[in-house]
2 protein chains.
Amino acid sequence: MFDSYDRKILNTLQADGRITNQQLAEKIGLSSAATWRRVKALEEAGVIRQYTALLDAAKLSRGLRAILTVSLLRHDADSKKLFEDTVSSYPEVLQFFSITGDADFMIHVVVADIQSYDQFINEKIFTLEGVGQVQSHFALRELKNETTLPIG
Amino acid sequence: MFDSYDRKILNTLQADGRITNQQLAEKIGLSSAATWRRVKALEEAGVIRQYTALLDAAKLSRGLRAILTVSLLRHDADSKKLFEDTVSSYPEVLQFFSITGDADFMIHVVVADIQSYDQFINEKIFTLEGVGQVQSHFALRELKNETTLPIG
DNA sequence: GAATAATAGAAAGCTCATTTCGCGATCTTC
DNA sequence: GAAGATCGCGAAATGAGCTTTCTATTATTC
């Protein structure tokens with residue numbers, strides 16, 4: 001599917017999304033034209049979803065990271081859909097998964113401080129219809145926080 | 001701390017990390033020279049940590065996302081440090097937090113399939129010294145998976 | 001309200017992106 | 001194993017964008 005050049009391109013772009021095409025070409029050992037065509041093909045195929053700037057949450061007053069697990073009281077399609085759409089729309093929510101295990105959902109939230117968190121959970125979670133068990137965990141330390149997928 | 005121009009720059013670069021400086025300048029309403037200086041200052045200050053390409057995990061045979069919670073049997077500094085350094089070094093581990101609650105750590109892992117996960121947890125987690133309770137949750141659906149911080 | 005410090009924009013030179021073209025390697029079909 | 005097709009490469013040219021320097025303008029401080 002992907003050859004060694006593609007893998008090098010993907011790894012390099014994960015490490016530096018703003019590298020110039022020429023530098024990328026030199027790094028992987030192809031001409032700049034060939035490199036450019038491969039990058040465009042990877043974007044076209046959706047392998048590269050997006051380019052983004054990763055920011056420092058603490059420097060932007062978003063120092064508190066919380067992980068919530070939530071169970072719903074009812075599991076009919078409508079209740080679930082409403083819950084999913086509403087939670088997805090919250091900007092404080094960075095990750096939101098439906099998961100296996102005791103809880104139904106895991107929500108990853110970034111806010112300024114514990115006061116903001118209190119406000120978030122009271123106004124934006126507990127007010128939702130059909131919310132059952134909710135557990136909050138706070139990140140004490142970020143030992144690793146990456147987006148870089150290992151490319152095999 | 002940050003004025004309206006800085007916030008616009010950060011939001012725009014989060015949405016498109018490879019936008020040209022000229023397009024960015026036009027979008028936020030400053031000259032390209034002024035915009036360029038602000039972007040460099042934000043990079044210098046570490047507000048912008050990194051530019052990266054976000055890839056599609058499924059298209060790269062990394063279709064299984066698991067969340068583990070782990071407790072350690074001993075909590076002396078050396079045991080913890082060894083555990084933290086080792087787990088951080090695993091490429092399958094994208095996020096790794098020390099958290100509040102029953103468990104000590106939360107680990108976010110991306111692998112190809114359930115066989116790879118079995119291999120990962122048996123060879124790379126259970127083999128570590130002092131690992132106690134481990135719980136695995138699997139992501140059934142990714143309802144939201146972003147890196148975009150809300151800028152206030 | 002004058003002095004000082006920041007910050008803006010214009011212009012210019014330099015770098016880079018993107019396209020077009022032709023070549024060579026590899027695969028397919030007979 | 002030869003003819004044709006296909007694919008992907010690199011060279012070169014053009015247009016677009018980056019980065020710096022210089023000057024003007026706008027805030028800030030006393």
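Convention: sequence-line order gives letters A, B, ...; per-chain numbering from 1. Values below: all heavy atoms of this structure, side chains included; hydrogens, waters and symmetry mates excluded.
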Do side-chain atoms of [X] reach the backbone of [Y] as a donor and acceptor pair under 3.5 angstrom?
X       : Y       : answer
H137(A) : T100(B) : yes
Y117(B) : A66(B)  : no
R62(A)  : A112(A) : no
E146(A) : Q95(B)  : no

- Message: Using a heavy-atom cut-off of 4.0 Å across all strands, would you classify A34(A) as base, sugar-phosphate, or nothing?
- Response: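 Since only primed, P, OP1 and OP2 atoms lie under 4.0 Å of A34(A), the category is sugar-phosphate.
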- Message: Quick check on contacts: within residues 35-44 of chain B, what sits under 4.0 Å from DNA chain D by heavy-atom distance?
- Response: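 Only W36(B), R37(B) qualify.
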- Residues from residues 8-24 of chain A sitting under 4.0 Å of DNA chain D, heavy atoms only?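 Per residue number, the list is empty: none.
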- Message: Expressed as a whole number of angstroms, how long is the span from D3(B):CG to dA6(C):P?
- Response: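 From D3(B) CG to dA6(C) P: 16 Å.
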- Task: Send over the distance from D6(A) CG to dG8(D) C1', rounded to a whole Å.
- Result: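 Distance check: D6(A) CG to dG8(D) C1' gives 12 Å.
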- Nearest heavy-atom neighbours spanning L94(B) and T148(A):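 Taking every non-hydrogen atom into account, CD2-O, 3.3 Å.
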- Task: Show the numbers, then the answer: is there a salt bridge (Lys or Arg N to Asp or Glu O under 4.0 Å) between K40(B) and E43(B)?
- Result: CA-CA 5 Å; K40(B) 289 300 149 191; E43(B) 292 171 359; 3.3 Å; yes
- Do T20(A) and Q23(A) have side-chain atoms, one donor and one acceptor, less than 3.5 Å apart?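 Checked: T20(A)/Q23(A) side chains pair up, N/O donor to acceptor below 3.5 Å.
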- Just do the ring-ring contact (aromatic ring centres under 6.0 Å, His included) check on F83(A) and F105(A) with the steps written out, would you? CA-CA 10 Å; F83(A) 179 79; F105(A) 298 98; 5.0 Å; yes
- Measure from the side chain of A33(B), starting at C-beta and using heavy atoms only, and say which of dC9(D), dA12(D), dG9(C) lies closest.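 Nucleotide nearest to A33(B)'s side chain: dG9(C).
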